[in-house]
There are 2 protein chains.
Amino acid sequence: MAHRTRRRIPEATVARLPIYLRILTEQFDDGVTGMSSDQLAELAGVNAAKVRKDLSYLGSYGTRGVGYEVEFLVYQIRRELGLTHDWPVVIVGAGNLGQALAGYNGFGDRGFPVGGIVDVDDAKVGSVVGGVRVRHLSEIGPVVKARNISIGVIATPGSAAQDAADALVDAGVTSILNFAPTVINVPHGISVGKVDLAVELQILAYHEQRRTNAAQGSSLVSVPRETHRGASA
Amino acid sequence: MAHRTRRRIPEATVARLPIYLRILTEQFDDGVTGMSSDQLAELAGVNAAKVRKDLSYLGSYGTRGVGYEVEFLVYQIRRELGLTHDWPVVIVGAGNLGQALAGYNGFGDRGFPVGGIVDVDDAKVGSVVGGVRVRHLSEIGPVVKARNISIGVIATPGSAAQDAADALVDAGVTSILNFAPTVINVPHGISVGKVDLAVELQILAYHEQRRTNAAQGSSLVSVPRETHRGASA
DNA sequence: TCGGCTTTGTGAAAACGTGCACAACCGATC
DNA sequence: GATCGGTTGTGCACGTTTTCACAAAGCCGA
Ligand SMILES: NC(=O)c1ccc[n+]([C@@H]2O[C@H](COP(=O)([O-])OP(=O)(O)OC[C@H]3O[C@@H](n4cnc5c(N)ncnc54)[C@H](O)[C@@H]3O)[C@@H](O)[C@H]2O)c1
Ligand SMILES: NC(=O)c1ccc[n+]([C@@H]2O[C@H](COP(=O)([O-])OP(=O)(O)OC[C@H]3O[C@@H](n4cnc5c(N)ncnc54)[C@H](O)[C@@H]3O)[C@@H](O)[C@H]2O)c1
């Protein structure tokens with residue numbers, strides 16, 4: 001019987017499964033066939049209970065008193081994440097980043113081969129990067145359809161990111177990974193992931209700043225902030 | 001009234017402040033001087049109440065019935081994030097990614113100039129990328145101290161990431177941004193951020209897979225991970 | 001000064017995520 | 001076949017984050 005609702009995995013868990021997967025794959029390649037949640041937790045840098053709860057969403061695939069069979073777990077995680085087949089991606093923007101990504105093997109190696117690259121710059125159209133010929137943005141539709149691509153990567157300047165997103169959606173892509181430092185709007189039902197370097201660095205800066213403030217200031221400080229009046233600054 | 005403990009901003013808020021900051025800065029450059037939480041929320045793709053609560057951690061800097069003064073808010077966010085001065089970074093690994101990062105202006109433009117690059121490959125040591133000369137990893141200590149660097153970026157292969165992290169920590173760096181697909185161990189008190197391409201793509205693959213499963217299966221609504229924009233408006 | 005309109009700031013509730021603790025269970029050993 | 005050490009799977013309590021909803025507050029025109 002089909003379940004009434006398809007098992008839904010918490011977003012936080014989905015974000016950790018790829019990490020478990022990578023560790024388990026490495027361990028298996030090293031000849032490790034079985035692991036406990038404690039060992040996996042250690043390698044992943046998380047709590048063991050969290051590992052068990054995460055894995056429990058896949059089903060009860062562990063053996064009490066023993067642990068998990070690595071190969072089987074790899075298979076289950078791959079299945080759950082939809083990694084049983086390749087997901088070709090199309091890259092929009094063949095600049096520094098786009099070229100680096102296209103040439104990066106860790107991309108195709110993990111089941112995400114570059115199925116196409118497009119740009120608007122005629123100087124770049126026609127050149128070959130990472131073994132793929134750069135096409136013009138206007139050809140994105142056929143490119144996407146030819147390989148049945150559903151994931152797009154935006155590597156354009158921020159000012160062109162929304163255009164790129166629109167073009168991707170028009171072409172039929174339903175998931176987007178955005179490297180441009182811009183919030184993009186997409187219709188309902190399209191998934192968007194983002195990688196924003198400046199945000200990551202600024203988060204680190206915040207912690208750095210707290211650290212130094214805490215070190216030099218006395219620990220009892222309260223910030224005497226005024227009620228902010230006419231701060232026309 | 002006065003809190004004994006230093007104001008602590010929730011991590012989720014810290015992660016959004018850089019986005020608000022970027023939007024506000026752009027708007028200010030476009031001549032916008034005032035904004036309501038609704039407008040900012042629209043541009044940031046989040047809920048307006050969340051914007052207000054986030055900003056309230058900085059203090060009460062809005063004006064009821066009017067909104068926020070953009071320039072003042074920019075100043076306050078920058079101050080809170082510790083962006084009132086530059087944070088030079090040291091890059092470990094001068095390969096494809098390391099060179100792309102070093103040559104990327106959006107890095108220094110936002111207050112994170114590349115203060116040094118190190119590698120172990122003698123063929124790369126001595127060359128100049130992004131205006132900075134590549135030094136040997138063994139010189140990382142002096143490089144870090146010379147410019148009082150506290151943030152390090154790992155752009156080595158995964159197999160060398162832990163070594164790179166250890167070298168960074170030894171050199172005195174207290175925050176690390178890791179681009180290698182490896183979990184790194186660091187002593188207590190060191191902040192670590194990570195950017196993992198494969199993880200992001202695999203999260204998208206999961207949602208893609210659910211979508212297609214749902215389409216052929218029952219009529220259950222799938223909830224995308226991070227979709228913005230209402231259809232109307 | 002007043003009242004109507006707008007928007008903030010924030011309590012409180014709901015939703016989500018984490019970690020403890022332990023019963024249930026497995027395999028091994030005697 | 002009973003006992004034992006070891007590990008899973010999960011109920012529960014706790015912490016964090018999001019969202020709602022509304023009183024308080026500012027602005028403006030009458
Ligand atoms: N270079 C890095 O190390 C780095 C790191 C992090 C983030 N980023 C971000 O990645 C994006 C790209 O960076 P980059 O260094 O590759 O820039 P780049 O200028 O080298 O490349 C941008 C490319 O996009 C193309 N382009 C412009 N408008 C387009 C459009 N509408 N459709 C298709 N292509 C279009 C341009 O022709 C160019 O080839 C930027 O948003 C940047 O902020 C770059
Ligand atoms: N290239 C990309 O587009 C891309 C994208 C995302 C993530 N990554 C990740 O970034 C990392 C680097 O990728 P890359 O393509 O630049 O690889 P790369 O092989 O081009 O460069 C790696 C560099 O690190 C140096 N190195 C090796 N061991 C070192 C050590 N112990 N200390 C200092 N330097 C050392 C090597 O000499 C080399 O110059 C990898 O972990 C990769 O998975 C790359």
Side-chain angles (χ1 to χ4, degrees), chain A residues 5 7-17 19-20 24 32-70 72-73 76-77 80 203 206-207 225-232, chain B residues 1 3 5 7-17 19-20 24 32-70 72-73 76-77 80 203 221 223-228 230:
Chain A
T5 63
R7 256 183 334 220
R8 204 192 138 247
I9 299 187
E11 210 46 51
T13 294
V14 172
R16 282 187 296 268
L17 287 177
I19 297 170
Y20 302 151
L24 291 166
V32 177
T33 59
M35 285 187 78
S36 69
S37 59
D38 253 324
Q39 295 174 295
L40 181 50
E42 170 72 23
L43 293 172
V46 300
N47 181 291
K50 201 186 285 189
V51 168
R52 290 199 294 277
K53 189 154 290 192
D54 284 342
L55 296 181
S56 77
Y57 291 111
L58 307 178
S60 287
Y61 297 138
T63 305
R64 292 167 194 233
V66 177
Y68 300 87
E69 201 201 327
V70 174
F72 186 66
L73 215 44
Q76 289 299 334
I77 296 178
E80 193 66 43
I203 292 171
Y206 169 76
H207 292 297
R225 62 178 139 82
E226 306 126 36
T227 334
H228 163 55
R229 181 120 335 228
S232 56
Chain B
M1 256 280 160
H3 293 284
T5 58
R7 252 174 330 168
R8 210 197 128 241
I9 299 187
E11 208 51 45
T13 294
V14 172
R16 282 187 296 268
L17 288 177
I19 297 170
Y20 301 152
L24 291 166
V32 176
T33 59
M35 284 187 79
S36 68
S37 58
D38 254 324
Q39 294 174 295
L40 181 51
E42 170 71 23
L43 293 172
V46 301
N47 180 293
K50 200 186 287 189
V51 168
R52 290 200 295 277
K53 187 147 286 191
D54 284 342
L55 296 181
S56 76
Y57 291 112
L58 307 178
S60 288
Y61 296 138
T63 305
R64 291 167 195 234
V66 177
Y68 301 87
E69 203 201 329
V70 174
F72 187 67
L73 215 44
Q76 289 300 333
I77 295 177
E80 193 66 43
I203 292 171
V221 186
V223 182
R225 183 167 76 108
E226 191 177 316
T227 49
H228 303 140

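All of these numbers come straight from a predicted model, not from anything done at the bench.
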Visitor: Just verifying a value: how many Å separate B:Tyr20 OH and B:Leu55 CG, rounded to the nearest 0.5 Å?
Guide: 6.5 Å
Visitor: Quick check: closest heavy atoms across A:Ser37 and A:Arg52, and the distance to 0.1 Å?
Guide: OG-NH1, 3.0 Å
Visitor: D:dT7 C1' sits how many Å from A:Leu73 CG, rounded?
Guide: 14 Å
Visitor: Just the dot-bracket of DNA chain D, please: which string comes out with Watson-Crick or G-U pairs under 3.5 Å, [ ] for crossing, | for another strand?
Guide: ||||||||||||||||||||||||||||||
Visitor: Checking B:Thr63 side chain against B:Val66 main chain: does a donor-acceptor pair fall under 3.5 Å?
Guide: no
Visitor: Has the side chain of B:Arg64 got a donor or acceptor that lies under 3.5 Å from a partner of the other kind on the base of C:dT8?
Guide: yes
Visitor: Please report the distance, rounded to the nearest Å, between CG in B:Leu58 and C1' in C:dG9.
Guide: 13 Å
Visitor: Which parts of nucleotides 16-22 of chain C does protein reach within less than 4.0 Å, heavy atoms only, written one letter per nucleotide 5' to 3' as B for base, S for sugar-phosphate only and - for none?
Guide: -SSBBB-
Visitor: Can you tell me how far P of D:dT10 sits from OH of A:Tyr61, to the nearest Å?
Guide: 12 Å
Visitor: Could you state the CD-C1' distance from B:Glu69 to D:dG26, rounded to the nearest angstrom?
Guide: 15 Å
Visitor: Looking only at the aromatic ring of each residue, does the gap between the centers of A:Tyr61 and A:Phe72 stay below 6.0 angstrom?
Guide: yes
Visitor: Below 4.5 Å, heavy atoms only, C-beta onward: do A:Glu69 and A:Gln76 meet side chain to side chain?
Guide: no
Visitor: Closest approach of A:Val70 and A:Gly34, non-hydrogen atoms and distance?
Guide: CG2-N, 3.7 Å
Visitor: Find which nucleotide of DNA chain C each of B:Asp38 and A:Gly65 is nearest to by heavy atoms, and output the residue with the more 5' nucleotide.
Guide: B:Asp38
Visitor: Compare all side-chain heavy atoms of B:Met35 with those of B:Leu43 and state whether any distance is below 4.5 angstrom.
Guide: yes
Visitor: Taking only N and O in the side chain of A:Ser37, is any of them less than 4.0 Å away from OP1 or OP2 of D:dT8?
Guide: yes
Visitor: In whole angstrom, give the distance that lies between atom CD of A:Gln39 and atom C1' of D:dG6.
Guide: 12 Å
Visitor: Just verifying a value: how many Å separate A:Thr13 OG1 and A:Asp54 CG, rounded to the nearest 0.5 Å?
Guide: 3.5 Å
Visitor: Which heavy atom in B:Asp38 sits nearest to a heavy atom in B:Ala48, and how many Å separate them?
Guide: OD1-CB, 3.5 Å
